[in-house]
Amino acid sequence: MRGLRPLQRSQGRGRQDAGLTTTPRSLIAATGSYLPERVVTNDDLAAFLDTSDAWIRDRTGIGARHVAADDEVTSDLAAAASRRALEAAGVSAASLDMIVTATVTPDSPMPACAVRLQHKLGAGKVPAFDVSAACAGFLFGLTIADQFIRAGGARRVLVVGVELLSRIIDWSDRTTAVLFGDGAGAVLVERAEPGDPRGIEACRIHSDGSLAAALEIPAGGSAEPATERGLAARRNKVHMLGQDVFRAAVRGMTDVGQEVVAAAGLTLNDVDRFVPHQANLRILQALAERWAVPLERFVLVLDETGNTSSASIPIALDRGLSDGRLCRGQRVLMSALGAGVSYGGVLARL
Ligand code: UT7
């Protein structure tokens with residue numbers, strides 16, 4: 001590396017402790033969430049699909065899901081959740097340094113959902129961009145925010161997990177239609193003051209493209225054959241090899257959870273609460289068993305929301321903090337796996 005000087009950790013805005021410099025930490029300062037008003041129960045689905053409330057509850061743990069109104073778009077859901085997070089923190093959108101939106105269902109393929117959100121919130125001309133890592137997208141966004149804050153490139157970042165999955169579901173396919181729901185969760189990630197015990201302690205993110213075909217929307221992209229472009233409406237919807245994704249989720253979330261606590265020099269016994277991505281209760285039961293922790297310490301919203309992909313973790317964080325299942329000061333492990341497959345884990349003191 002001739003010609004390059006090693007990075008100085010004392011550069012930037014690090015904290016000074018007795019002559020030593022430490023990297024600033026980031027913390028989750030406030031949360032907000034939004035679920036569309038309309039609720040679709042399992043019985044509602046059984047009215048037009050060959051399924052039943054009993055099958056859906058037994059196989060997935062889902063009781064209902066929220067579905068956006070016809071005139072709602074993804075950035076509306078994101079804006080509603082974001083306003084609640086900003087209000088909870090008592091800060092304005094103008095104070096944001098960056099907006100990261102994790103979504104696979106933007107208002108339109110281009111531009112990013114995040115720029116529409118920026119405009120709706122009245123934020124300044126700060127960088128606003130989308131992250132496409134499906135159900136793991138929120139943890140990818142949180143990792144990006146943490147890295148920018150640690151590097152001194154931002155002090156306050158809005159990270160939103162938002163999905164309007166009802167628009168990309170084939171409502172005649174019972175193997176996917178019963179699983180998903182719409183919603184948004186937002187967090188404000190801020191630079192922690194020196195001495196604050198709260199903060200993000202470790203982040204780990206991974207992707208494994210060998211499983212790309214296990215959960216995908218096959219049509220609509222640059223790989224679509226010219227003869228089929230725009231013709232095959234069903235190929236524009238979510239297709240999933242459920243059992244392959246199930247196995248990958250149990251394996252990936254187990255491993256990345258252990259990896260991220262080890263990266264912080266801790267064990268799973270040091271974790272107070274678990275806030276995993278919520279696709280299927282059986283995945284979470286398997287996770288609890290493999291980690292040897294009681295399922296009672298998981299903050300679950302799946303029964304009421306279905307699988308909201310990138311929104312599930314921030315919705316659960318916000319719900320948990322408002323109904324007392326989570327408290328400030330607790331150490332929380334978040335982990336997720338989704339299409340890609342992409343997966344990640346973040347350990348944080350709330
Ligand atoms: O968010 C991250 C990505 N997603 C996930 O992590 C989801 C991972 N996968 C899963 O959660 C599960 O694999 C599913 C919930 C999708 C499916 O559960 P499963 O226990 O793997 O069921 P299966 O696919 O093996 O299907 C069992 C049976 C089949 O019938 P036969 O072939 O045994 O006669 C299906 O046709 O259940 C049938 N089935 C249904 N029956 C009633 C599938 N969907 C339904 C349904 N209602 N909605």
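Numbering of ligands and ligand atoms starts at 1, following listing order.
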**Complete:** Residues with a heavy atom under 4.0 Å from ligand 1, by chain and number, are D50, T51, W55, R59, T60, C135, R174, T175, V178, L179, L215, M240, G242, Q243, V245, F246, H277, A279, N280, R282, I283, N307, L337

With a 4.0 Å cut-off on N to O distance, would you call [X] and [Y] a salt bridge?
X    : Y    : result
D50  : R174 : yes
D146 : R150 : yes
D76  : K120 : yes
R65  : E304 : no
D303 : R57  : yes

**Item:** Residue pairs, two or more places apart or on separate chains, that pass side-chain hydrogen bond (donor to acceptor under 3.5 Å, both in side chains) and touch residues 284-299
**Value:** none

